[in-house]
Visitor: 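Have a look at the structure that comes next, please.
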Amino acid sequence: MTAVAKGPAGYFPSIEKKYGRPITEWKDLIRSSPLTKHMELVSWLKTEHGLGHGHANALVAHTLAENTGK
């Protein structure tokens, strides 16, 4: 039996399917952005890359949590 991803990572399969980019690429984009605040990054992903709010929020939350070790 495979484990089902919970939290923000639960969105990852649908993000990859809908936008055609692997999660690692999205995370690299977030990390390379000069923006650092959560909602600034979410807004940037929505306006510049066409992501929906939930998908952008999940990517940013997961990436920032990784960066801070949470």
Side-chain angles (χ1 to χ4, degrees):
M1 184 159 110
T2 59
V4 176
K6 294 184 180 182
Y11 285 93
F12 290 176
S14 61
I15 292 170
E16 289 181 332
K17 183 178 180 182
K18 183 168 185 172
Y19 304 105
R21 287 180 157 176
I23 295 304
T24 54
E25 192 173 320
W26 288 114
K27 288 182 173 189
D28 289 344
L29 276 172
I30 292 167
R31 289 185 187 109
S32 68
S33 171
L35 304 172
T36 58
K37 294 184 179 176
H38 182 99
M39 288 310 296
E40 289 176 340
L41 287 161
V42 169
S43 294
W44 173 70
L45 286 173
K46 290 168 62 177
T47 58
E48 296 297 319
H49 298 282
L51 271 72
H53 182 81
H55 288 159
N57 190 56
L59 283 167
V60 171
H62 198 272
T63 303
L64 293 180
E66 279 184 338
N67 291 349
T68 61
K70 291 183 180 178

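All figures in this text were calculated on a predicted structure; none of them were measured in a lab. Computed over heavy atoms, backbone and side chain alike; hydrogens, waters and symmetry mates excluded.
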Visitor: Rounded to the nearest 0.5 Å, what separation is found between the CD atom of Glu25 and the CD atom of Glu16?
Guide: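 Here the rounded value is 10.0 Å.
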
Visitor: Within this structure, what is the CD-CG distance for the pair Glu48 and Leu29, rounded to the nearest 0.5 Å?
Guide: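 One finds 11.0 Å between CD of Glu48 and CG of Leu29.
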
Visitor: Just checking Tyr19 against His49, ring centres under 6.0 Å apart?
Guide: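 Ring centres of His49 and Tyr19 not closer than 6.0 Å.
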
Visitor: Check for me whether the distance between the ring centres of Phe12 and His62 falls short of 6.0 Å.
Guide: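 Yes, they do, as the ring centres are separated by less than 6.0 Å.
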
Visitor: Under 3.5 Å, is there a donor-acceptor pair between the side chain of Ser33 and the main chain of Ile30?
Guide: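 Absent.
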
Visitor: Could you tell me the separation between the CZ atom of Arg31 and the OG1 atom of Thr36, rounded to the nearest 0.5 Å?
Guide: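 The OG1 atom of Thr36 is 15.0 Å from CZ of Arg31, to the nearest 0.5 Å.
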
Visitor: Report the distance from atom OG of Ser43 to atom CG of Asn57, rounding to the nearest 0.5 Å.
Guide: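 So the OG of Ser43 and the CG of Asn57 are separated by 10.0 Å.
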
Visitor: Nearest 0.5 Å please: distance from the OG1 atom of Thr63 over to the NE2 atom of His38.
Guide: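 Interatomic distance, Thr63 OG1 to His38 NE2, rounded to 0.5 Å: 10.0 Å.
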
Visitor: Roughly how far apart are Ile15 CD1 and Leu59 CG, rounded to 0.5 Å?
Guide: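 Here the interatomic distance stands at 4.0 Å.
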
